[in-house]
Amino acid sequence: MGSHCLDGRRTLVMGVLNVTPDSFSDGGRFHSLDAALKATGRYLAEGADLIDIGGQSTRPGAVEVSVEEELARVVPLIRALRGRFGPAPVLSLDTFRADVAQAGLEAGVDWINDVSGGSREPRILAVAAAADCPLVLMHLRGNSRTMNDLAHYGDVVAEVEQVLQERSVRALGAGVRRERILWDPGLGFAKTTAHNLSLLQALPRLRAHGYPLLVGPSRKRFIGELLAEPRPRARIWGTAATVCRCIAAGVDVVRVHDVGPMVQVARMADALWRPGAAPPGRANGAPRP
């Protein structure tokens with residue numbers, strides 16, 4: 001098996017589980033523990049390979065919650081998920097905070113998914129290194145309040161590429177093993193529609209650096225702008241087309257809200273662009289790190 005147990009033969013599908021009241025398309029849906037547990041069971045039954053847990057909305061304009069609030073949202077859920085589903089599901093924690101990452105790992109998560117790429121709280125790199133866990137480094141400018149004002153680039157692909165390289169060097173310097181690092185170009189984060197399309201077209205260039213890619217196009221605003229569809233949950237077909245583009249470009253993980261339909265899209269796209277794709281196996285059988 002390859003790095004992170006991602007062997008490149010099958011695209012992994014990561015289901016989004018936001019336990020927040022204000023995420024851009026599913027805010028409040030899984031805010032209760034019972035609702036989150038039910039959603040996870042459904043995701044696993046639909047074929048999700050990983051579950052990405054978020055307790056802090058990072059959408060443009062979101063208000064950041066305290067560390068204590070984020071911990072109160074995610075740690076009991078992680079423990080409940082392990083109690084309900086056992087050790088098999090691969091759990092990822094979407095956080096840029098070192099203390100939350102540490103608590104999440106202690107509670108049972110397997111991956112850390114940092115939207116800031118280690119820039120908000122650099123100590124998170126040491127936390128990931130000590131746990132020897134997969135670490136997703138995403139490209140982001142500013143924060144939820146400022147990112148829309150920072151969507152200005154001379155060459156968006158080159159600048160995203162440079163930042164991800166720099167953040168990877170910092171992660172390596174903190175002790176994270178190269179084979180544990182994934183890149184995420186950060187679609188929708190300080191990016192215009194044109195920027196997002198340029199990055200999607202340039203995915204093979206990013207993949208050529210040798211780091212597995214994780215891309216989260218699901219229901220994003222640029223899809224809504226292109227389709228004149230203001231309702232995030234109605235952007236499923238645009239998301240499906242974007243997932244196909246990701247898979248054709250060699251992306252290793254797609255992060256989505258509509259798990260069942262996107263698992264079908266991914267399996268079909270794998271058959272088209274990865275004819276040697278491995279069978280999906282059991283619904284919750286993602287390779288563990």
Side-chain angles (χ1 to χ4, degrees), residues 1-8 11-12 14 16 49-56 58 67 70-71 74-75 78 87 89-143 158-187 189-190 199 203 205-216 246 250-255 286-289:
M1 303 291 277
S3 62
H4 309 86
C5 296
L6 307 178
D7 62 7
T11 308
L12 300 187
M14 173 183 277
V16 178
D49 297 290
L50 309 97
I51 306 297
D52 193 41
I53 301 159
Q56 161 69 60
T58 52
V67 173
E70 188 176 354
L71 286 167
V74 301
V75 172
I78 295 164
V90 179
L91 304 181
S92 168
L93 182 56
D94 180 357
T95 187
F96 54 78
R97 288 175 165 144
D99 288 342
V100 175
Q102 182 66 57
L105 289 163
E106 292 171 359
V109 298
D110 305 292
W111 291 33
I112 298 300
N113 180 12
D114 183 356
V115 297
S116 81
S119 64
R120 285 290 302 271
E121 294 193 9
R123 188 166 57 86
I124 200 171
L125 302 176
V127 170
D132 194 27
C133 69
L135 173 65
V136 181
L137 300 176
M138 195 190 85
H139 177 272
L140 170 69
R141 280 183 173 178
N143 55 38
E159 292 178 47
V160 167
E161 186 177 42
Q162 179 181 354
V163 168
L164 289 175
Q165 287 177 299
E166 291 171 352
R167 291 177 181 172
S168 296
V169 168
R170 292 174 188 168
L172 293 168
V176 179
R177 290 194 289 147
R178 181 183 172 90
E179 57 267 29
R180 292 304 198 192
I181 297 172
L182 295 89
W183 280 9
D184 179 345
L187 298 183
F189 289 83
L199 287 166
L203 287 172
R205 172 174 165 178
L206 296 178
R207 188 67 178 83
H209 288 273
Y211 294 100
L213 293 184
L214 182 152
V215 179
C246 291
V251 167
D252 298 272
V253 186
V254 289
R255 183 178 181 274
R288 295 182 68 81

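Note: Ser116 OG to Arg167 CZ = 6.5 Å, rounded to the nearest 0.5 Å. The OG atom of Ser92 lies 12.5 Å from the CG atom of Asp49; values are rounded to the nearest 0.5 Å. Here the CG-CG distance, from Leu50 to Leu91, works out to 8.5 Å after rounding to the nearest 0.5 Å. In this structure, CG on Asp52 lies 4.5 Å from CG on Asn113, to the nearest 0.5 angstrom. Within the model, atoms CG of Leu187 and SG of Cys246 stand 7.0 Å from one another, a figure rounded to the nearest 0.5 Å. For the atom pair CG (Leu182) and CH2 (Trp111), the distance works out to 5.0 Å, reported to the nearest 0.5 Å.
Counting all heavy atoms, side chain and backbone alike, Val75 lies closest to Ala103 at CG2-CB, 4.0 Å. For the pair Ala171 and Leu135, the tightest heavy-atom approach, listed with the atom from each and the gap, is CB-CD2, 4.5 Å. Shown here for Ala129 and Ala174, the closest heavy-atom pair between the two residues is CB-O, 3.5 Å. The minimum heavy-atom distance linking Val100 with Leu93 is given by the pair O-CD2, 3.5 Å. Smallest separation of non-hydrogen atoms from Leu125 and Val176: O-CG2, 3.4 Å. Contact record, Cys133 with Arg180: O-CB, 3.7 Å, taken as the closest heavy-atom pair.
Taking the salt bridge (Lys or Arg N to Asp or Glu O under 4.0 Å) definition, one finds that Glu106 meets it with nothing, sequence neighbours left out. With sequence neighbours left out, the ring pair (Phe, Tyr, Trp, His ring centres under 6.0 Å) criterion links Tyr211 to Trp183.
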- Would Glu159 and His139 satisfy side chain to side chain contact (heavy atoms under 4.5 Å, CB included), going step by step from the backbone distance to the final call? CA-CA 10 Å; Glu159 292 178 47; His139 177 272; 5.8 Å; no
- Message: Using side chain to side chain contact (heavy atoms under 4.5 Å, CB included), reason through Glu161 and Leu206 one step at a time and then give a plain yes or no.
- Response: CA-CA 7 Å; Glu161 186 177 42; Leu206 296 178; 4.0 Å; yes
- Message: Between Val74 and Gln56, is the side chain to side chain contact (heavy atoms under 4.5 Å, CB included) condition met? List the steps.
- Response: CA-CA 9 Å; Val74 301; Gln56 161 69 60; over 6 Å; no
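Put simply, the side chain of Arg255 never gets that close to the backbone of Met14: no donor and acceptor are under 3.5 Å apart. Asp114 places no side-chain N or O within 3.5 Å of a backbone atom of Leu137 that could act as its donor or acceptor partner. Within the 3.5 Å criterion, the main-chain N or O of Arg120 finds no donor-acceptor partner in the side chain of Arg97.
No side-chain heavy atom of Ile112 sits under 4.5 Å from any side-chain heavy atom of Val127. Counting heavy atoms from C-beta on, the side chains of Met138 and Leu214 never come closer than 4.5 Å.
Across Ile181, Val115, Asp184, a single residue satisfies side chain to side chain contact (heavy atoms under 4.5 Å, CB included) together with Val136, and that is Asp184. Results of the side chain to side chain contact (heavy atoms under 4.5 Å, CB included) test with Asp110 over Val90, Leu105, Ile51 single out Val90 as the only residue that passes.
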